[in-house]
Asker: 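Mind looking over this structure? Questions follow.
Throughout, protein chains are lettered first and strands after them, A, B, ... in sequence-line order, and every chain is numbered starting at 1.
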Protein chains: 2
Amino acid sequence: MIKGYNPEDKIFLAVDCIIFGFDDEDLKVLLIQRDFEPEKGNWSLMGGFLKQEENLDDAATRILYRLTGMHDIYMEQLYAFSEVDRDPVARTISTAYYAIINIEKHNEELIENYNAKWFSLKEVPDLIFDHNAMLDKAIRRLRRRTSINPIGFELLPEKFTMRQLQKLYEAILDKKLDKRNFINKINSMDILIKLEEKDMSSSTKGSFLHTFDQEKYDNKKTNNFYLKL
Amino acid sequence: MIKGYNPEDKIFLAVDCIIFGFDDEDLKVLLIQRDFEPEKGNWSLMGGFLKQEENLDDAATRILYRLTGMHDIYMEQLYAFSEVDRDPVARTISTAYYAIINIEKHNEELIENYNAKWFSLKEVPDLIFDHNAMLDKAIRRLRRRTSINPIGFELLPEKFTMRQLQKLYEAILDKKLDKRNFINKINSMDILIKLEEKDMSSSTKGSFLHTFDQEKYDNKKTNNFYLKL
C-alpha cells in the first residue's frame, strides 16, 4: 500500500524522440510510418515504453539507437505530455526528448527497416496523437537554446564554411540573416578556429573552412551567453 | 495487450512542486515536514500521485492548492525525474513543477496543517530523495527565465519601489547589482508604470511606487527579450 496512490489507477509511461538533422539547406526531422493500429500508415515520432530498469534518459538513448544506430548524441528532455485523452489506446504519459544528429552519420539500413524518412520542417505531415505539438515545442526549444548556447554545431560536419554555419542558423531560426552582421556576431563568440584549408566547391576563390574550439565551446555552454540574431 | 509494453513493469507517477516566494529580502521555498516513513520528520517538497482523470498540470495545480489555498498561480513544468532508485518505496517517476507565489497571500492555516515552513534558499536542509536536485534545477530555470522574461514580478506586491524590484532580482540571481545600471535596464524594458504615490517608510523623501503594465508585459512575454544583469 503506497500512501496517496489509488491502486485502480493505471497510467503507462512512454518516451518519444524528436530527431533533428541538417542537410546544408534545411532543418529536418526523422519520422517513422506507423505499422500498427490505431493510425496505421500515419507518420509518427519514434517512441517506446519506459522499462522498469532504466531511467528516461536511458530510454530515449535506447530508442534513438534503435532507429539510427547512433550513440553519444546531444539529447535533451523536452517536456512530459500528459493530456488524459492524448493516446486513444490507453492512458499514457509521454516524455519527449529531442536529439540533434549529423544527418550524414545515421545508419541508412536501420532507418529503412523502420520506414523512417527525413522531412523538412515545412513539409511535416499530420502526425499521430499529439506528436505535432511535441515537434512544435521542440523547435521552439531548439531556437531558444540556439540563441543561448552554441548547440547547433552538432548539426554541422567537422569542418564547415561560414556560409554553411549561416545556413544552419537561418534554418533553425527560420529567417534570413545579414551576412556581415552574422559573421561579426559569430566571431564575437570566439569559439571558432579558422583553418588554413579552403572549401573550393562553391567558388574559384574558395571559402576558408572552420572548426569549433571544443574547450571554449564547453566553457560558453556552462556560462550561458546570449547570441541575438 | 499494448505493443511494446511489458505487463510486469510497474512504475508510479508523482508530481512534486517547488513553491517560491519572496519576502522583501530573500527568495524562499515552501517545504513540508514528512509525517510518514521512510524519512519521517525530514523536509520535503509538496507532492502527490497523478490521478487517472487529470493531466500533470491539473495535478500540480491541485497539489499547490491543497497546500496554499491559492489558485491562478504562475506554474511551469520543470523536468521529469526518473532515476531508477530515486524513491526507496517503489519505482516512481516524478514530474517537478515550480510555482511563484506572492508570499503574503498564502493561507497560513493550511500551511500549518501540513507542518510547512518557508526556508531561505541559503538555509534549505537536506531534503528527502532527490528533492534537493529538483530545487537546484528549479532555481537555475528561474534564473534563466528571469533574464528572458519578466516573470519575477509575480513575487512582488502590486505596487513596489525600484529598490524592492532590485532586491528581488538580487535574490533570484544571487548577486549584488549596480543601482544605476539596474534602473536603466529595467526602464529600457518599458513595462513599468511610475505612480504618483510614494512609499514613505524607508526615507523622509520617500520612493515612488511602480506597478507593471500588464499589456506590455504580456507582449514582452511572448516576444522573448533578453535582460542581461
Asker: Between A:Glu83 and B:Leu56, is there a side-chain heavy-atom distance shorter than 4.5 Å?
Answerer: no
Asker: Would you check if the side chain of B:Gln77 reaches a backbone N or O of A:Ala80 as a donor-acceptor pair within less than 3.5 Å?
Answerer: yes
Asker: Does any heavy atom of chain B fall under 4.5 Å from the side chain of A:Phe81, the backbone, both, or neither of them?
Answerer: neither
Asker: Taking atom OG of A:Ser82 and atom CG of B:Leu13, what is their separation to the nearest 0.5 Å?
Answerer: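 A:Ser82 OG to B:Leu13 CG: 9.5 Å, rounded to 0.5 Å.
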Asker: Could you tell me which of A:Ile11, A:Asn6, A:Leu78 has the largest number of non-hydrogen atom pairs under 4.5 Å with chain B?
Answerer: A:Ile11
Asker: For A:Ala59, enumerate each residue passing the side-chain contact (heavy atoms from CB on, under 4.5 Å) test, keeping only those at least two apart in sequence or located in another chain.
Answerer: A:Val15, A:Leu50, A:Glu54, A:Arg62
Asker: To check you understand the geometry: which heavy-atom pair defines the closest contact between A:Arg91 and B:Gln52, and what is its length?
Answerer: NH1-O, 2.6 Å
Asker: Crowded around B:Lys10 NZ? As in, over 12 foreign heavy atoms under 6.0 Å?
Answerer: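 Yes, enclosed.
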Asker: Taking side chain as C-beta onward, heavy atoms only, is B:Asp35 less than 4.5 Å from A:Lys3?
Answerer: yes
Asker: Which members of residues 118-127 of chain B, sorted by number, sit under 4.5 angstrom from chain A on a heavy-atom basis?
Answerer: none
